[in-house]
Structures are given as C-alpha cells and as structure tokens.
Amino acid sequence: MIILTCIATFFVTHMALRFEKECRKAGYDVRIVPVPRKISASCGLACRYSCEAEKEIKNICNLKNIEVEAFHHLED
C-alpha cells in the first residue's frame, strides 16, 4: 500500500509559520518540518498536512493570502 505525505513549501519562513498557524486555527493537524531532500525550497522549512484536507487547506491559503511555493505529494 502506498502512503502519501503532503508537503507545502514556501519562499519565506514567515509564510510557513502563517500556514501552520492558520491551518491549526481551522482545526487541521499541520506541522512545520525540514524540507525533505527530494524537494528544494528557498526557506528550508515546509509544512506537512493531511492529504485528505488539501482542498480546504488551499482554500485557507487563498483566503489568508498565504504564499505557497508548491504543494507536493511524496510516497513514503
């Protein structure tokens, strides 16, 4: 069975912190993590979140003007 991990990467650290704060405030389990080696990102921080919540999380980003570099789906 393939397990997907969903990761958001950011251009700046401030956006990673806002992403975590706003998603947690909305009730989602989001954690700041180092950017996985498979991915490169400008600020070195990423956020891991539930893939099932991706649509809602992207909506939060749009509403709160959180700039995400990219959304990634990684196989564990």
- Nearest 0.5 Å please: distance from the CD1 atom of Ile66 over to the NZ atom of Lys21. 10.0 Å

- Query: Can you list every side chain to side chain donor-acceptor pair (under 3.5 Å) pair that touches residues 57-68, not counting sequence neighbours?
  - Reply: none

- Between Leu4 and Glu75, is any pair of side-chain heavy atoms under 4.5 Å apart? yes

- Item | Pairs where residues 12-31 contributes a residue and the test ring-ring contact (aromatic ring centres under 6.0 Å, His included) is met, not counting sequence neighbours | Phe10-Phe19

- Nearest heavy-atom approach of Ile39 to Val35 is O-CG1, 3.2 Å

- Message: Using the disulfide bond (SG atoms under 2.5 Å apart) criterion, which residues pair with Cys61? Sequence neighbours excluded.
- Response: none

- Residues forming a side chain to side chain contact (heavy atoms under 4.5 Å, CB included) with Ile32, sequence neighbours excluded: Leu17, Glu20, Leu45, Cys47

- Asp29 CG to Arg24 CZ distance, which is reported to the nearest 0.5 Å: 7.0 Å

- Message: Tell me every residue that passes side chain to side chain donor-acceptor pair (under 3.5 Å) with Glu52, counting only those two or more places apart in sequence or in another chain.
- Response: Ser50

- Taking side chain as C-beta onward, heavy atoms only, is Glu54 less than 4.5 Å from His73? yes

- Please collect all salt bridge (charged side-chain N to carboxylate O under 4.0 Å, His left out) contacts where either partner lies in residues 5-19, sequence neighbours excluded, each pair once. none

- Task: Any chance you could measure His72, atom NE2, to Thr9, atom OG1, to the nearest 0.5 Å?
- Result: 3.0 Å

- Residue of the set Leu74, Ile7, Val30 for which side-chain contact (heavy atoms from CB on, under 4.5 Å) holds with Arg48: Ile7

